[in-house]
Amino acid sequence: MIVVNRLDVTYGSVHALERIDAAFSPGTVSALVGHNGSGKSTLLHVLAGLVSCTHGSVTGVPRSIAFVPQQVAVDELVPLSVAATVNMGLWAKLGAWRRPSRADRRFCMSTMRRMGVLELAERRLGDLSGGQRQRTLLAQALVQQADLLLLDEPTTGLDPDACDIINTAIREEAARGATVIMATHDRRQAEAADTIHRLVNGLLHDQG
Ligand SMILES: Nc1ncnc2c1ncn2[C@@H]1O[C@H](COP(=O)(O)OP(=O)(O)OP(=O)(O)O)[C@@H](O)[C@H]1O
């Protein structure tokens with residue numbers, strides 16, 4: 001179980017998170033909700049190890065973490081295809097030097113199909129629409145089969161069919177035992193989670 005204990009994060013003079021206590025169990029989906037600037041992304045960044053806490057501690061974070069940030073800037077000049085981007089998710093599982101097996105490659109293909117990006121496989125990431133790019137990055141995260149899946153607004157800007165596909169995938173990740181934590185502004189998506197944590201100006205109000 002991941003346990004967050006009396007966590008404070010400040011950016012200069014901005015108190016992004018204050019005295020946060022929370023716990024996240026394997027096999028569950030937790031939603032972080034709250035207004036813009038309430039601290040959701042900051043908490044995800046701390047859990048991902050990208051931001052340090054000013055005070056407090058976070059324990060029990062598994063080694064394998066897949067993180068899909070809110071907005072991913074992709075240099076249009078980077079010649080990375082959709083297929084290459086998704087296949088990179090295997091590195092986390094296999095290490096950079098172990099060759100993927102046929103089963104690994106099939107898994108990448110089926111994940112791309114599930115996320116609706118298989119027909120875009122040869123397209124460059126920088127040439128995709130925002131929603132297509134988001135689905136590609138989610139496919140990359142799913143391929144990792146990580147123990148902790150951190151998603152920052154995973155369905156923002158996606159069409160309703162894509163939202164349904166992603167919400168199903170989120171449940172499936174929890175069903176295989178992953179801890180899933182997502183920031184969301186989508187009320188229905190939050191209500192479908194096992195636990196809702198509401199952040200108000202950096203303070204946590206748990207809603208069960
Ligand atoms: N790199 C940074 N430097 C300074 N302040 C920051 C930085 N990142 C976030 N903040 C501030 O920390 C607070 C929390 O921001 P955060 O991005 O965690 O909120 P959020 O709940 O994810 O917002 P949103 O719903 O808009 O994505 C805000 O006041 C924000 O301005």
Side-chain angles (χ1 to χ4, degrees), residues 2-25 28-62 65-75 125 128-142 146 148-160 162-164 166-167 169-170 173-174 178-208:
I2 300 170
V3 178
V4 175
N5 185 30
R6 306 295 283 175
L7 176 73
D8 283 0
V9 174
T10 55
Y11 298 107
S13 60
V14 177
H15 292 276
L17 293 174
E18 286 185 73
R19 299 186 301 282
I20 301 289
D21 289 314
F24 304 98
S25 301
T28 64
V29 179
S30 300
L32 306 179
V33 302
H35 292 134
N36 295 136
S38 57
K40 304 179 298 296
S41 299
T42 300
L43 183 51
L44 290 177
H45 281 83
V46 170
L47 293 166
L50 300 172
V51 165
S52 309
C53 44
T54 316
H55 290 293
S57 64
V58 180
T59 56
V61 177
I65 303 172
F67 178 36
V68 183
Q70 195 172 348
Q71 274 151 4
V72 178
V74 178
D75 190 331
L125 197 58
L128 301 182
S129 76
Q132 291 169 336
R133 188 179 300 170
Q134 179 75 348
R135 285 187 280 139
T136 302
L137 295 170
L138 276 158
Q140 186 194 60
L142 295 177
L148 174 59
L149 182 58
L150 301 170
L151 305 170
D152 202 344
E153 300 186 25
T155 51
T156 297
L158 297 191
D159 63 56
C163 290
D164 288 347
I166 283 156
N167 286 330
I170 286 171
E173 286 293 284
T179 306
V180 184
I181 308 173
M182 64 180 168
T184 181
H185 289 290
D186 179 337
R187 190 168 294 160
R188 267 187 45 214
Q189 189 175 43
E191 284 168 0
D194 299 301
T195 312
I196 301 177
H197 302 278
R198 178 173 297 279
L199 283 154
V200 180
N201 296 331
L203 293 162
L204 192 61
H205 299 253
D206 267 354
Q207 302 201 173

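Both counts, for ligands and for their atoms, begin at 1 and track the order of listing.
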Next item on the list: Enter the distance from Lys40:NZ to His185:NE2 here, rounded to the nearest 0.5 Å.
Entry: 4.0 Å
Checklist line | For Val14, atoms of ligand 1 separated by under 4.0 Å from a heavy atom | finding: 11 (C), 12 (O), 29 (O)
Check: Of all the atoms in ligand 1, which lie at a distance below 4.0 Å from a heavy atom belonging to Glu153?
Finding: 25 (O), 27 (O)
Check: To the nearest 0.5 Å, what is the distance between CD1 (Ile181) and CG (Leu151)?
Finding: 9.5 Å
Check: Among all protein non-hydrogen atoms, which one is nearest to atom 4 (C) of ligand 1, and what is the separation to 0.1 Å?
Finding: Tyr11 CB, 3.3 Å
Checklist line | Element-labelled atoms of ligand 1 that are located less than 4.0 Å from some non-hydrogen atom of His35 | finding: 21 (O)
Checklist line | Distance filter under 4.0 Å to His185 heavy atoms, resulting ligand 1 atoms | finding: 25 (O)
Item checked: For atom 14 (C) of ligand 1, the option (of Ala183, Gly12, Gly37) bearing the nearest heavy atom -> Gly37
Next item on the list: Using protein heavy atoms only, decide if any is under 4.0 Å from atom 31 (O) of ligand 1.
Entry: no
Margin query: Side chain, backbone, both or neither: which applies to Asn36 and ligand 1 if a contact is any heavy-atom pair less than 4.0 Å apart?
Written below: both
Checklist line | Interatomic spacing from CZ in Phe24 to CG in Leu150 - rounded to 0.5 Å | finding: 9.0 Å
Note to self: Tell me the nearest of Val9, Val51, Thr42 to atom 15 (O) of ligand 1, using heavy-atom distances.
What the structure shows: Thr42
Check: For ligand 1, which atoms have a heavy atom of Gln70 less than 4.0 angstrom away?
Finding: 27 (O)
Next item on the list: Show which atoms of ligand 1 fall inside a sub-4.0 Å distance from at least one heavy-atom site of Lys40.
Entry: 18 (O), 19 (O), 20 (P), 21 (O), 22 (O), 23 (O), 24 (P), 25 (O)
Notebook entry, point to check: Counting each atom of ligand 1 from 1 as listed, which ones have a heavy atom of Ala16 under 4.0 Å away?
Noted result: 12 (O), 13 (C)
